[in-house]
Each structure stands twice: as structure tokens, then as C-alpha cells.
A.B. asks: 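Below is a structure I'd like to ask you about.
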Amino acid sequence: MKEVILMRISQRVQNRIDKYNPKNGLAYVAKFLLELSEINHDGVTRHSEGVALLSEDVAIKLNKDSKAAFFAGLLHDVGKIIFPHKLFDGHNINADEYAEVKKHAVAGFRALSKLYRFTGLCAGLHHNLYKAGYGIEIKDFPKEWGLATIKKVLEISMIVSICDFINAFTTRDTEIKDGSDNGVNTLEEMLYAKYPEDKFIVDVALKENEKYLN
Ligand SMILES: [Fe+2]
Ligand SMILES: [Fe+2]
């Protein structure tokens, strides 16, 4: 039963990629990276699909660029591909392993940003929009970019970051390594503490995520 559901989600993602028909070969690159990730990191692929669909839903509700949110969600963890499967096999990782896992944000940024700068920046930022986060910083933005473009990257990255946490929390059994669950009990409380200035996005994302829970 579980596999039928997963296959249906994969088909939805394929359909979305084709529907959006992105520029500069991003459809092929995204499909290739998902297939590559599937070989050794099928859990990462499932998670990426889930984050992409939820990010798209949230962006639509917030009147933001749903195409940008979908592809940023789809490729936000692409940097994990270069790390060994054992880091993402569902066991509770130790501090050394967590230090390795943290490198995936910058790895994703480096892999994507020459070809797909917007999506690459979102990959680099998705863990750095909350306290004790990690990844790239504002100084890594292209110097020639105007404020409007930078604002859009931050908005889409915030949607992806929140959807990432929701998908991870609702689909994984492992403990949270960044301390988000200290002193709080519910997913909503965790998200409010983690994203105190973006509670509205949190509310929309939690509501949209209800349809993926079964
Ligand atoms: Fe990540
Ligand atoms: Fe993620």
C-alpha cells in the first residue's frame, strides 16, 4: 500500500516538472538528479518530492512564485547525494555525523548555483533562516542582484525551509538534531519557536500539509 502512494506522488512530481517546463534544461537536470538520488538515497528523493509539492501549495496560497518554490523544494537537499547512505538511513546520527550532514546545504549551493542560481541559493539557505542554522549567507548572493530579487530568494527559501521541517518531522522517526524540540511539545510550537517572524507561513504550511497526512 505504501509503495502505491509513493509511486503516485512520483508521478505527480513528474507531471509538475513537465507542466512548469522550466528554462535552461532544468526539467532534465531535476529528473536526472532525482533518479541519481534514488539509487542510494531513496529517502531523500521521497522527502524532496514531498517538500516540492508542499512548497508549491504554500506558494500558491501566499501568491508567491509556485514554480520557483516547487523547484527550490525539489532540489533543496540535492547536496546530500554526495554523502554516504548511512548518514540518511534512518538511524539517529551522532555529533560527528551531523557535522557531515550539515555540509549538504553548501554542497547543493555549489552544485546548482552556476547553472541555476536562484534554486542554488535556496538550497544553500534552507537551513540558515533560523537560529543555530547553517549554510550560505547573504554575502554569498550575487553582488549585482537588486533588492527585489534578493527578497524573492529569501521568501521562497523561507517557504522551503518551513515545508522541509514539516515534511521531515511528519515522515521521519529520528530525533531532531538542531534542538528545535527543546521545551516544546507540538510541531506547531516547534515551528513558531523556530520561525517567530513567519508564523503566518507556518500556519498556511501546516494547513496545506494536512492533505498529505494519512
Ligand atoms: Fe536539508
Ligand atoms: Fe530537507
Side-chain angles (χ1 to χ4, degrees), residues 6 9-10 13 16 30 33-34 36-38 40-59 68-93 95-113 116 118-137 140 153-154 156-181 187 190-191 194-195 198 201-202 205-206 208-209 212-213:
L6 293 177
I9 291 175
S10 287
V13 167
R16 283 292 192 285
L33 289 171
L34 286 176
L36 187 64
S37 159
E38 184 76 18
N40 217 12
H41 296 297
D42 57 326
V44 174
T45 309
R46 296 282 86 74
H47 166 67
S48 300
E49 290 177 342
V51 174
L53 292 170
L54 183 57
S55 298
E56 179 193 37
D57 293 338
V58 173
F70 173 81
F71 283 100
L74 198 59
L75 297 175
H76 77 285
D77 271 344
V78 76
K80 287 182 176 175
I81 293 176
I82 64 168
F83 294 99
H85 169 74
K86 65 175 193 244
L87 291 178
F88 312 105
D89 66 359
H91 78 283
N92 281 316
I93 55 175
D96 288 343
E97 289 173 319
Y98 185 46
E100 275 300 287
V101 166
K102 282 180 170 180
K103 294 176 185 170
H104 79 275
V106 171
F109 166 71
R110 287 182 58 188
L112 289 168
S113 56
Y116 307 108
F118 188 100
T119 309
L121 285 163
C122 293
L125 274 174
H126 77 278
H127 287 291
N128 221 2
L129 297 171
Y130 49 85
K131 246 201 256 177
Y134 55 88
I136 65 161
E137 296 166 17
D140 297 308
V153 171
L154 292 171
I156 299 295
S157 297
M158 183 59 78
I159 291 172
V160 170
S161 185
I162 290 169
C163 294
D164 178 31
F165 193 84
I166 291 173
N167 181 276
F169 185 82
T170 53
T171 59
R172 293 177 195 157
D173 295 325
T174 46
E175 61 193 31
I176 299 166
K177 297 299 290 182
D178 66 10
S180 298
D181 51 350
L187 173 58
M190 267 184 250
L191 289 163
K194 202 172 168 100
Y195 305 98
D198 294 277
I201 303 176
V202 167
L206 283 172
E208 289 300 305
N209 192 54
Y212 297 109
L213 301 173

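Quantities reported herein were computed from a predicted structural model and do not represent experimental measurements. Ligands are counted one by one from 1 in listed order, and the atoms in each one are counted from 1 as well.
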A.B. asks: Which N, O or S atom name in D77 marks its closest approach to the Fe ion (ligand 2)?
C.D. replies: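 For D77, the N/O/S atom sitting closest to the Fe ion (ligand 2) is OD2.
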
A.B. asks: Give me the ring orientation class for H127 and Y134: parallel if the planes are under 30° apart, tilted from 30 to 60°, perpendicular past 60°.
C.D. replies: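 Plane angle under 30°, so parallel.
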
A.B. asks: If the threshold is 4.0 Å, N to carboxylate O, is there a salt bridge linking D77 and K80?
C.D. replies: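 Yes.
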
A.B. asks: Taking 4.0 angstrom as the limit, do E49 and R16 come out as a salt bridge?
C.D. replies: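 A salt bridge is absent here (no side-chain N lies under 4.0 Å from a carboxylate O).
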
A.B. asks: What distance do Y195 atom OH and S161 atom OG have between them, rounded to the nearest 0.5 Å?
C.D. replies: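 Going from the OH atom of Y195 to the OG atom of S161 covers 2.5 Å.
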
A.B. asks: Examine D164 and say whether one of its N/O/S atoms is closer to the Fe ion (ligand 1) than 2.8 Å.
C.D. replies: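 No, outside the cut-off.
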
A.B. asks: Nearest 10° is fine: what angle sits at the Fe ion (ligand 1) between NE2 from H126 and NE2 from H127?
C.D. replies: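 With the Fe ion (ligand 1) as the vertex, the angle is close to 80°.
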
A.B. asks: Restricting to N/O/S atoms, is H47 within less than 2.8 Å of the Fe ion (ligand 2) or not?
C.D. replies: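 True for H47.
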
A.B. asks: Restricting to N, O or S, what is the name of the atom of H104 that lies nearest the Fe ion (ligand 1)?
C.D. replies: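 Result: NE2.
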
A.B. asks: With distance as the sole test, does T119 use its side chain to make a donor-acceptor pair with the main-chain N or O of F71 at under 3.5 Å?
C.D. replies: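 Checking the backbone N and O of F71 against the side chain of T119, no donor-acceptor pair under 3.5 Å is found.
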
A.B. asks: Is H76 close enough to the Fe ion (ligand 1) to have an N, O or S atom under 2.8 Å?
C.D. replies: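 H76 does not place any N, O or S atom closer than 2.8 Å to the Fe ion (ligand 1).
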
